[in-house]
Amino acid sequence: MENKQSPMLGLRTVVYMVEDLEKAKAWYAKAFNAQPYYDTPYYVGFNIGGYELGLHPKEKVQGTDNGTVQTYWGVEDIQKVYDSLIEMGAAKHEAPNNVGGDIAVASVYDPWKNIIGIIYNPEFKLPK
């Protein structure tokens, strides 16, 4: 196998799908001793040691169940990595889309039906 640099830059974000966003926000704030930096009815974001811990309302529409947890691997070129994963046999879960500012996310099902999320976030910086 050719030894080339991975398109995955490392883990960036974990998002927990929750039934009650307000209750979950209070619980995670206490559990992680942190207040959200981003708080909307469709997403709550915490900065935990430079990484994103997100809370997202669990979908209730039939056929749109998004599981209980979603992880995102950082990438530089989200469309290129997404297309490459599809070409390697992954199936579409969520096509690349902008979620605010310059941040974009996408996800695929691997051949075993696991969801692999990818994220382009130029603002991501690990603490020094």
Side-chain angles (χ1 to χ4, degrees):
M1 179 176 247
E2 184 180 327
N3 187 10
K4 61 181 182 177
Q5 187 172 355
S6 174
M8 305 300 181
L9 303 174
L11 285 173
R12 297 293 188 258
T13 303
V14 62
V15 178
Y16 295 106
M17 306 303 168
V18 298
E19 298 289 339
D20 186 321
L21 193 59
E22 287 302 312
K23 283 184 182 178
K25 177 174 61 174
W27 190 90
Y28 277 92
K30 186 175 182 180
F32 284 79
N33 193 29
Q35 292 303 309
Y37 75 90
Y38 189 80
D39 190 351
T40 68
Y42 58 90
Y43 186 82
V44 174
F46 296 84
N47 180 327
I48 308 297
Y51 294 89
E52 178 87 0
L53 183 161
L55 304 175
H56 189 284
K58 188 167 178 57
E59 300 291 342
K60 295 182 174 148
V61 178
Q62 185 175 358
T64 62
D65 186 355
N66 49 1
T68 60
V69 65
Q70 177 71 48
T71 55
Y72 290 93
W73 294 88
V75 297
E76 286 294 328
D77 186 334
I78 197 161
Q79 190 66 55
K80 181 179 177 182
V81 174
Y82 178 82
D83 291 344
S84 176
L85 292 169
I86 297 295
E87 288 170 13
M88 292 187 307
K92 175 186 171 185
H93 178 260
E94 180 182 19
N97 67 95
N98 182 285
V99 294
D102 291 329
I103 302 170
V105 299
S107 53
V108 298
Y109 291 105
D110 74 8
W112 302 271
K113 303 299 181 214
N114 297 300
I115 298 172
I116 300 172
I118 54 176
I119 184 169
Y120 170 71
N121 182 353
E123 302 301 317
F124 179 84
K125 305 281 187 273
L126 285 175
K128 294 181 184 210

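Both backbone and side-chain heavy atoms feed into the values below; hydrogens, waters and symmetry mates do not.
Residues V69 and I116 do not share a hydrophobic cluster, defined by chaining ILVMFWY side chains whose heavy atoms lie under 4.5 Å apart. With hydrophobic clusters built from ILVMFWY side chains whose heavy atoms lie under 4.5 angstrom apart, Y51 does not share a cluster with L9. Cluster membership check: L11 does not share its hydrophobic cluster with Y16, using side-chain heavy-atom separations under 4.5 Å among Ile, Leu, Val, Met, Phe, Trp and Tyr.
When every heavy atom of R12 is checked against every heavy atom of F124, the shortest pair comes out as NE-CD2, 3.1 Å. F46 and K25 get closest at one heavy-atom pair: CZ-O, 3.8 Å. In plain terms, the two heavy atoms of H93 and Y109 that are nearest each other are CD2-OH, 3.1 Å. What you find for H56 and L21 is that their closest heavy atoms are N-CD1, 4.3 Å. Shortest non-hydrogen contact noted between P41 and P57 is O-CG, 3.6 Å. A pairwise comparison of heavy atoms in E52 and G45 identifies OE2-CA, 3.5 Å as the closest pair.
Judged as a side chain to side chain donor-acceptor pair (under 3.5 Å), and not counting sequence neighbours, D77 has no contacts. Partners of A95 by side chain to side chain contact (heavy atoms under 4.5 Å, CB included), not counting sequence neighbours, listed by chain and number: Y82, K92.
In terms of modelled atom types and a separation under 3.5 Å, the side chain of D83 and the main chain of I86 share no donor-acceptor contact.
Separation of atoms OH (Y42) and CG (L55) is listed at 14.0 Å; rounding is to 0.5 Å.
Checking each of V81, I78, I118 against P7 for a side chain to side chain contact (heavy atoms under 4.5 Å, CB included) leaves exactly one that passes, namely V81. Residue T13 is tested with I103, I119, L53, V105 for a side chain to side chain contact (heavy atoms under 4.5 Å, CB included); the sole match is I119.
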Could you go through the side-chain contact (heavy atoms from CB on, under 4.5 Å) check for V18 and W27 one step at a time? CA-CA 11 Å; V18 298; W27 190 90; over 6 Å; no
Evaluate the criterion side-chain contact (heavy atoms from CB on, under 4.5 Å) for residue pair M8 and V75; output intermediate values, then yes/no. CA-CA 5 Å; M8 305 300 181; V75 297; 3.8 Å; yes
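The side-chain heavy atoms of I115 and Q70, taken from C-beta on, include a pair separated by under 4.5 Å.
The 12-atom threshold is exceeded at CG of N97, counting heavy atoms of other residues, nucleotides or ligands nearer than 6.0 Å.
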